[in-house]
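Remember, it's a predicted structure, so these values are computed and weren't measured experimentally.
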Amino acid sequence: MAAQPVPHPSTDKKRVKVYELRNNDWFDRGTGLCTAAFSVSEDGQQRDPRVIVESEDQPDRVLLDTRVCKEDGFHKQQETLIVWTDPSNGVDMALSFQEAEGCAMIWKFITSIQQQYHSMNAPDDSLSDDLAMDMPNPISLPPASMANLAEIESQMRVFSGTANGRDALTKYVLNEDYISKLIPLVTDAEDFESLNDLHRLCNIMKIIILLNDTSIIEHAVSDECVIGVVGALEYDPDFPSHKANHRQWLQGEGRYKEVVHIEDGQILKKIHQTYRLQYLKDVVLARILDDNTFSVLNSLIFFNQVDIVQHLQSNVLFLAELFDIFKSPVQNTKRKKEAVLFIQQCCAIAKNLQPPARQTLYNNFLAHGLLQVINFGLRHSDVAVRVGATDILVSMIDHDPQMIRSMIYRQLHEKQLPLTDSLIDLLLVEVDLGVKSQISDALKVLLDQGPPPQPPEALSKANSEYAVRAASRIPPSADPQQDNFLSGFYEFQAHKLFQPLINLQYRQTMEFTVQQASIFTYLIEILCFFIRQHQHRSKFFVLTNDIVLRISQLLSCSEKFLKLVAIRFLRQLIGLQDEFYVKHVSEKRVIGPILDVLIETMPRDNLLSSACLEFFEFVRKENVKDLVKHIVENYREKVQSLAYLDLFKTLIMRYDQTGGFSANMDYFIEVDDEPRRRTNIINPKTGVLMEHLAMDQAEEEYWNVSDDEEDLQAKHGRRASSVNGESPNAKPLVDYASDEEGDENVEAGALSADEDKPDDGPAKTDASSKDVAPPLERLSEKRRREEDEEDDLSKMVQHKRRNSTSVSPSPSNVGGVLRKKRSSSSTRDAGGGGPRKIAISISPNTKSGSVQSHGRPDDEA
């Protein structure tokens with residue numbers, strides 16, 4: 001595809017920004033070089049006039065390629081702006097040129113193409129069709145006079161009903177300067193006190209403005225027309241008994257304050273125009289605006305603001321004179337106040353700019369001393385100046401908080417008073433709750449050191465020691481400057497910030513004014529943030545200043561919102577599940593006041609009682625063991641009075657079941673099939689290492705597996721097969737009878753007779769084994785094991801009696817087992833001490849006896 005020259009050289013590429021309207025906001029597509037040319041098809045016949053913008057950074061990337069196809073599709077605004085609606089998708093587009101010369105060149109090309117549409121007969125069918133459909137018919141309105149107002153209004157309503165009629169009406173209004181002809185009629189109608197004519201003039205002005213033409217709107221807000229236009233709009237027929245005062249507001253000389261003289265007349269004109277457009281959008285037409293008109297007004301305001309800000313930030317002399325106001329030794333308080341408000345307006349405008357332009361503006365402000373301006377404004381006695389300084393700071397923090405932190409680091413390095421000190425002073429004395437909220441948020445953002453480390457509960461419980469180390473370790477990516485800043489803050493400024501909380505120690509009553517009560521809300525909110533973000537430093541600060549006990553004093557005040565703030569803080573502490581805070585809360589005994597608040601509010605259902613119940617529900621659900629023990633042991637009567645709630649009944653039951661051994665509760669919630677580990681145990685009487693019995697794999701497995709009835713039957717089958725010679729190398733712990741024996745040889749008095757026999761042989765059991773303390777088990781598991789072990793012992797004794805004729809008995813073995821059984825039974829029956837696990841001593845005779853049992857006669861089987 002080739003390109004032919006246009007009336008001006010097409011090689012002259014002009015620097016331009018491409019904007020696209022998205023959701024009533026102008027989106028910056030990028031910066032590029034604009035050219036205008038005719039595109040030719042491959043056959044060389046059809047030619048389309050196009051405006052093309054190539055990216056400045058990436059020449060191969062086309063930011064814009066649009067066809068000039070409608071006579072009224074393009075509009076030139078001011079000296080550097082061209083706007084239009086893309087016919088292919090209906091999206092509003094705009095080109096903002098760096099220089100007026102480039103805008104004029106492209107606009108000349110567009111107008112020349114539009115003029116050719118009038119003169120050409122039919123060189124291109126597509127162009128002829130477009131012209132046939134879009135060419136508006138010429139119209140004519142009656143002369144502007146009071147006698148013709150009714151007819152003018154009627155014809156305008158008819159024309160504005162169709163697209164072609166609107167286009168024709170727009171051209172007629174512009175060409176005939178119809179607005180200027182209507183303005184004198186407002187004064188005439190007011191002189192004659194003709195309310196009907198004033199209402200008609202108001203409707204006519206509304207119709208003209210709602211044509212959504214930028215040229216008409218710019219002309220309406222010009223110095224020559226704006227007073228007459230808003231004067232007509234003061235008489236709204238929808239409110240016939242009311243009259244607005246738009247002219248009085250716009251004519252007020254005190255509305256525009258020039259802090260520093262602006263030399264550029266065009267910029268000054270745009271400032272006035274932008275103010276009028278905003279007033280027109282937000283006040284005069286706020287009730288009747290449609291989406292199209294709202295979009296046009298926003299576009300005009302946006303591009304004016306871009307030009308104003310770019311001019312101000314590039315004017316070094318202007319910025320120097322502006323910030324020199326605060327460095328001057330002359331105390332001109334009024335001018336300093338106006339300078340702060342001017343900078344506030346600049347920052348408010350910057351919020352609508354693209355991030356690169358906004359960053360440039362803030363950098364220029366900071367380079368000229370913006371932090372000194374903020375410090376001045378925060379300490380000013382006028383609330384408007386304090387609000388302005390706070391808005392400036394919040395705007396910059398929202399854009400880039402690290403930029404403000406860097407300036408604070410520089411202040412600290414130069415031994416200057418940091419910005420945070422001014423924020424703390426203002427937070428403690430400010431009466432405006434909105435300013436307090438903004439300062440609170442600003443402090444949290446400035447002191448934020450990034451995402452908090454992973455909480456200990458997120459790591460494995462089995463590796464809790466590693467979890468504590470990981471939680472307390474400073475992340476490798478921590479900024480050293482930020483770390484030094486935080487250290488200095490906690491050393492010099494934190495005590496000053498939380499002084500109202502620390503001073504609660506000396507208060508006898510908890511009665512506060514509205515301002516005093518509000519400060520506690522913000523301070524505790526900030527403290528909760530610090531506890532989440534600054535783990536080590538906040539722990540030390542909370543511990544040394546007794547913050548937990550001070551905040552718990554608020555539970556006794558009469559204001560319910562302060563009680564809620566205190567409960568939220570304590571809930572934050574236990575929610576971290578940090579052992580330090582859990583123990584600290586227990587030591588300070590601050591849970592008792594929460595119980596008192598709950599008892600006082602129950603059974604009413606309100607926010608206060610819900611917060612208290614959620615506090616204890618978290619303790620129960622997360623099984624915070626130390627707190628469960630602390631609550632029941634120290635406040636049992638209070639908890640008992642709330643036992644009609646399942647929550648507190650569960651807490652008491654959990655404590656009673658564990659006997660207060662909360663430190664070992666983890667053992668009871670472990671899985672059942674975890675293998676126990678044998679550890680070396682020191683005999684408390686002798687102080688020597690206690691001896692362990694050597695047992696082979698099969699014997700160890702027998703005592704560790706579950707003792708269900710089916711498992712026992714399977715075990716009997718395996719033992720019987722071993723006895724019958726199927727596995728001669730196996731060494732069973734106990735010789736079991738085969739399944740065919742049954743119970744025919746069992747005598748009722750066998751066990752008791754055997755128990756009464758005196759032990760003839762020497763007992764070779766380990767004397768120290770009875771002192772071994774087994775690991776804790778579940779109570780139900782212990783009882784089941786002891787009952788099964790008694791059954792196993794009786795079977796062992798019965799089997800030994802049957803095998804006494806063929807196998808030499810081992811009295812020491814049997815006697816040792818029976819003595820252990822009698823000892824455990826008597827201890828359990830007497831109720832002394834907890835149940836102990838039965839230990840069996842296996843003597844060499846037992847092993848030899850079990851080996852000999854393989855050779856017993858078949859008739860005994």
Is it true that Y409 and Q482 share a donor-acceptor pair across their side chains at a distance under 3.5 Å?
yes
Parallel under 30°, tilted from 30 to 60°, perpendicular over 60°: which one fits the rings of F376 and H380?
perpendicular
Decide if atom NZ of K337 counts as having more than 12 heavy atoms of other residues, nucleotides or ligands within a radius under 6.0 Å.
no
Sidechain-backbone polar pair: D421 side chain, L417 backbone, donor-acceptor under 3.5 Å
no
Mind checking what makes side-chain hydrogen bond (donor to acceptor under 3.5 Å, both in side chains) contact with N375, not counting sequence neighbours?
S422
Donor + acceptor pair across side chains of Q305, T274 (<3.5 Å):
no
Do other residues, nucleotides or ligands put more than 12 heavy atoms under 6.0 Å from N606 CG?
yes
Just jot down the salt bridge (Lys or Arg N to Asp or Glu O under 4.0 Å) partners of K583, sequence neighbours excluded, or say none.
E579
Between N484 and S487, do the side chains contain a donor N or O and an acceptor N or O under 3.5 Å apart?
no
If you measure only the distance, is there a donor-acceptor pair under 3.5 Å linking the side chains of H495 and Y490?
no
Answer yes or no: does atom CZ of R410 have more than 12 heavy-atom neighbours from other residues, nucleotides or ligands under 6.0 Å?
no
Heavy-atom neighbours of E258 CD exceed 12 at 6.0 Å:
yes
Does R507 use its side chain to pair, donor to acceptor, with the backbone of E511 at less than 3.5 Å?
yes
Whether over 12 other heavy atoms sit under 6.0 Å from H413 NE2
no
Should R654 and N623 be marked as a side chain to side chain contact (heavy atoms under 4.5 Å, CB included) after you check the CA-CA gap, both sets of side-chain angles, and the distance that decides it?
CA-CA 10 Å; R654 181 171 296 177; N623 193 24; 3.3 Å; yes
Test item: side-chain donor near acceptor, R550 and Q553, under 3.5 Å:
yes
Contacts of Q313 meeting side-chain hydrogen bond (donor to acceptor under 3.5 Å, both in side chains) (sequence neighbours excluded), chain-then-number -> none
Counting only N and O atoms by type, is there a donor-acceptor contact under 3.5 Å from the side chain of S641 to the main-chain atoms of K638?
yes
Pair Q533-D448, side-chain donor/acceptor within less than 3.5 Å
yes
Could you give me the CA-CA distance, side-chain angles and deciding distance for F569 and L527, then say whether side chain to side chain contact (heavy atoms under 4.5 Å, CB included) is met?
CA-CA 8 Å; F569 171 77; L527 187 59; 3.5 Å; yes
Applying ring-ring contact (aromatic ring centres under 6.0 Å, His included), can you list everything that pairs with F648, at least two apart in sequence or on another chain?
F616
R386, Q344, Q345 screened by side chain to side chain donor-acceptor pair (under 3.5 Å) with D391, the one that passes:
Q344
Mind telling me whether F530 and F498 have parallel, tilted or perpendicular rings, with 30° and 60° as the class edges?
perpendicular
So, do H536 and F540 have ring centers that fall under 6.0 Å from each other?
no
A side-chain contact here means heavy atoms from C-beta on lying under 4.5 Å apart; do F323 and V373 qualify?
yes
Is Q411 reaching over with its side chain to a backbone N or O of L419, donor-acceptor style, under 3.5 angstrom?
yes
Which pairs pass salt bridge (charged side-chain N to carboxylate O under 4.0 Å, His left out) with one or both residues in residues 431-445, sequence neighbours excluded?
D441-K444, K444-E525
Would F318 and H261 satisfy ring pair (Phe, Tyr, Trp, His ring centres under 6.0 Å), going step by step from the backbone distance to the final call?
CA-CA 8 Å; F318 177 85; H261 181 64; 9.7 Å; no
Please enumerate all residues that pass side-chain hydrogen bond (donor to acceptor under 3.5 Å, both in side chains) together with K621, with sequence neighbours excluded.
none
